[in-house]
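Have a look at the structure below, then the notes.
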Amino acid sequence: MGGRRILVVEDNPLNLKLVRDVLAASGYDVVEAHTGEEGVDLAGTCDPDLVLMDLQLPGIDGYEALRRLRRDPRLEEVPVVAVTAFAMKEDRERTSREGFDGYLGKPISVPALPSQVGDFLERGRANGR
Ligand code: MN
């Protein structure tokens, strides 16, 4: 799975660094975005295999960013996974209802993250169209 490109959309610098370092150490190619708008722009140009999307972001939130991503036909096959500390059942259900392909709760588990990302890559579009 080395060399797969992961776009990480995260506004918190410490969370971003953690995720980036763990994924890079596992051989993933990591692209970073700090806002939803930047994430949408980069997703259209960096040819990601997977997007990890924080839900609480400055400017547009992760839900709106997902809606914009899904308008881009280049991203049709790209799974987008919600990342949030809102670990309530209703929140997980909302991410699925709004079209996210998976869900990762914060705090991120460093030992588990590489294989979780591997699973999301393998599974692809959960809401596959
Ligand atoms: Mn955030």
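Note that the coordinates shown come from a computational prediction; the quantities given were computed from them, not determined experimentally. When a ligand or atom number is given, it counts from 1 through the structure's own listing order. Computed over heavy atoms, backbone and side chain alike; hydrogens, waters and symmetry mates excluded.
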TODO: Would you name the N/O/S atom of Asp54 that lies closest to the Mn ion (ligand 1)?
DONE: OD2
TODO: Measure from the Mn ion (ligand 1) to each N, O or S atom of Gln56 and report whether any distance is below 2.8 Å.
DONE: yes
Task: Asp11 N/O/S atom closer than 2.8 Å to the Mn ion (ligand 1) - done: yes
Task: Residues Glu77, Arg125: salt bridge by 4.0 Å N-O rule - done: no
- [ ] Return the minimal non-hydrogen interatomic distance between Glu98 and Leu66, and the atom names on each side.
- [x] O-CD2, 3.3 Å
Open item on the list: Taking side chain to side chain donor-acceptor pair (under 3.5 Å) as the definition, give me every residue that meets it alongside Asp29, ordered by chain and number, with sequence neighbours left out.
Closed with: Arg5
TODO: Would you verify whether the NZ or CZ of Arg94 falls within 45 degrees of the ring axis of Tyr63 while also being under 6.0 Å from that six-membered ring's centre?
DONE: yes
